[in-house]
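Written below as structure tokens is the structure these notes are about.
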Amino acid sequence: MARPRVRLVVTADDFGYCPRRDEGIVEAFLAGAVTSVSLLVNGAAAESAAELARRHRIPTGLHANLSEGLPVGPARHGVSSLLSPEGFFLGKMGFRKAVAAGDVVLTQVREELEAQLSRFRELLGRDPTHVDGHQHVHVLPGAWVGASRPDAGMQQVPLPDSAPPAGVCQVFAEALQTCGVSFTRLPLERGVGSCAWLEAPARSFASAVERDARAAMGPFAHHGLRSTWPPA
């Protein structure tokens with residue numbers, strides 16, 4: 001019996017963060033070590049990174065960012081639950097704390113995500129191949145906690161006939177379905193909580209991300225999102 005073919009997808013995120021990082025990512029792509037990139041459209045080097053992606057025909061997705069730097073949407077022009085008093089995103093842990101406290105207005109999440117999708121199209125002239133989240137914000141928080149066994153794929157998750165909004169991950173799922181994006185990333189890394197070589201704070205964060213990712217499986221599958229994508 002022939003063995004099934006396996007396609008390895010290696011995506012470099014934070015593309016557009018700074019020129020030095022982008023140079024390294026392009027070098028890795030040209031060497032065959034990286035197969036795609038995820039672009040930070042609010043990154044300091046977003047425009048030059050987009051040019052590199054076009055020049056080298058790099059499959060490019062959106063690295064949606066709600067935690068670091070400045071917004072590109074309506075939040076730029078006024079007070080927003082996504083921002084600090086200084087006008088910056090709240091940070092990796094600050095955003096999570098705000099979500100947990102119920103302080104994040106989900107319509108503002110949707111507006112910023114749509115603005116970043118629009119900016120991506122301006123920079124690349126096309127839709128993203130995939131969308132994932134900077135610092136895994138796209139899986140916050142989950143709705144159907146414990147929806148399936150640990151080794152289940154997203155299409156195996158049993159879904160209720162009707163379900164309440166699931167927070168940030170639900171907003172992502174709906175927005176991606178609306179714009180026709182079918183692929184995202186589920187940061188599921190089994191056993192990360194028992195990795196003794198990770199310092200306790202990093203281990204705790206990684207375990208929390210995995211729990212959120214498992215809970216996001218339901219909303220993502222419900223809106224037709226898959227956790228892998230075929231490179232162009």
Side-chain angles (χ1 to χ4, degrees), residues 11-18 21 37-46 49-50 60-124 127-143 165-179 181 183-187 205-206 208-213 215-217 219-220 223 225 227:
T11 300
D13 60 17
D14 292 354
F15 197 52
Y17 192 91
C18 68
R21 184 175 300 188
V37 297
S38 294
L39 176 67
L40 282 168
V41 297
N42 73 331
T60 305
L62 171 65
H63 200 46
N65 184 3
L66 299 174
S67 60
E68 188 175 9
L70 296 168
V72 301
R76 291 178 301 171
H77 308 299
V79 176
S80 170
S81 67
L82 305 179
L83 306 180
S84 69
E86 293 74 28
F88 293 93
F89 285 131
L90 301 172
K92 179 170 74 174
M93 301 312 298
F95 182 68
R96 282 168 165 77
K97 290 177 181 177
V99 168
D103 294 335
V104 171
V105 179
L106 294 181
T107 54
Q108 294 174 348
V109 171
R110 178 73 179 247
E111 288 172 349
E112 179 61 24
L113 178 56
E114 290 177 343
Q116 292 189 20
L117 285 163
S118 177
R119 179 59 175 156
F120 182 97
R121 297 185 189 100
E122 291 175 1
L123 291 170
L124 273 297
D127 289 329
T129 57
H130 63 280
V131 176
D132 52 29
H134 185 53
Q135 298 169 338
H136 307 306
V137 296
H138 65 305
V139 296
L140 287 174
V168 175
C169 70
Q170 178 79 5
V171 173
F172 267 79
E174 292 174 353
L176 269 55
Q177 182 184 49
T178 298
C179 72
V181 174
F183 300 96
T184 186
R185 181 195 171 199
L186 273 174
F205 176 75
V209 167
E210 184 177 17
R211 287 194 299 271
D212 289 332
M217 292 166 72
F220 285 175
H223 290 278
L225 292 176
S227 61

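Residue numbers count from 1 along this sequence. All values derive from a computational prediction rather than experimental measurement.
- Evaluation of the side-chain hydrogen bond (donor to acceptor under 3.5 Å, both in side chains) rule for His223 yields Gln170, Gln177 as partners, not counting sequence neighbours.
- Across all non-hydrogen atoms, the minimal contact from Thr129 to Gly61 is OG1-N, 3.6 Å.
- Looking only at distances, no side-chain donor or acceptor of Glu111 sits under 3.5 Å from a matching main-chain atom of Gly73.
- Closest approach of Asn42 and Leu70 over heavy atoms only: ND2-O, 2.8 Å.
- A donor atom on one side chain and an acceptor atom on the other are not found under 3.5 Å apart for Gln108 and Glu112.
- Remark: Phe205 CZ is packed, more than 12 non-hydrogen atoms of other residues, nucleotides or ligands lying under 6.0 Å away.
- A heavy-atom distance below 4.5 Å is not found between the side chains of Val181 and Leu62.
- Note: Leu140 CG to Leu66 CG = 9.0 Å, rounded to the nearest 0.5 Å.
- Taking 4.5 Å as the limit, every side-chain heavy atom of Cys169 sits out of range of all side-chain heavy atoms of Asp212.
- Two residues are said to be in side-chain contact when any heavy atoms from C-beta on lie closer than 4.5 Å; His138 and Leu176 fail this criterion.
- Using modelled atom types, one side-chain atom of Arg76 and one backbone atom of Val72 make a donor-acceptor pair closer than 3.5 Å.
- Residues Val137 and Val168 approach most closely at O-CG1, 3.3 Å, considering heavy atoms.
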Kindly list each side-chain donor-acceptor pair under 3.5 angstrom involving residues 89-102, sequence neighbours excluded, with atom names and distances?
| residue | atom | partner | partner atom | Å |
| --- | --- | --- | --- | --- |
| Arg96 | NH1 | Lys92 | O | 3.2 |
| Arg96 | NH1 | Gln135 | O | 3.3 |
| Arg96 | NH2 | Gln135 | O | 2.6 |

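- In this structure, the side chains of Val131 and Leu117 come closer than 4.5 Å at one or more pairs of heavy atoms.
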Report task. Give the intermediate values and the outcome of side chain to side chain contact (heavy atoms under 4.5 Å, CB included) for residues Phe172 and Thr184. Result -> CA-CA 10 Å; Phe172 267 79; Thr184 186; over 6 Å; no

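- Not counting sequence neighbours, Glu68 has no partner by the salt bridge (Lys or Arg N to Asp or Glu O under 4.0 Å) test.
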Report task. Using the side chain to side chain contact (heavy atoms under 4.5 Å, CB included) rule, take Phe220 and Val139 through it: C-alpha gap first, then chi angles, then the decisive distance, then the call. Result -> CA-CA 9 Å; Phe220 285 175; Val139 296; 4.1 Å; yes

Report task. Show your reasoning for whether side chain to side chain contact (heavy atoms under 4.5 Å, CB included) applies to Val41 and Asn65. Result -> CA-CA 8 Å; Val41 297; Asn65 184 3; over 6 Å; no

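- Minimum heavy-atom separation, Leu83 to Gly78: CD1-O, 4.4 Å.
- In this structure, the side chain of Asp13 does not engage the main chain of Ser38 through any donor-acceptor pair within 3.5 Å.
- Applying the side-chain hydrogen bond (donor to acceptor under 3.5 Å, both in side chains) rule to Asp14 yields the partners Arg21, His63, His134; only residues at least two apart in sequence or on another chain are considered.
- Put simply, the side chain of Thr60 never gets that close to the backbone of Val37: no donor and acceptor are under 3.5 Å apart.
- The minimum heavy-atom distance between Pro71 and Gly87, with the atom names listed, is CD-O, 3.8 Å.
- Residues satisfying the side-chain hydrogen bond (donor to acceptor under 3.5 Å, both in side chains) test with Asp127, not counting sequence neighbours, are Arg121.
- Listed by chain and number, the residues in a salt bridge (Lys or Arg N to Asp or Glu O under 4.0 Å) with Glu210 are Arg214 (sequence neighbours excluded).
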Query - side chain to side chain contact (heavy atoms under 4.5 Å, CB included) assessment of Arg110 paired with Thr178 - result: CA-CA 12 Å; Arg110 178 73 179 247; Thr178 298; 3.6 Å; yes

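- Considering all non-hydrogen atoms of both residues, Ala46 and Leu123 come closest at CB-CD1, 4.2 Å.
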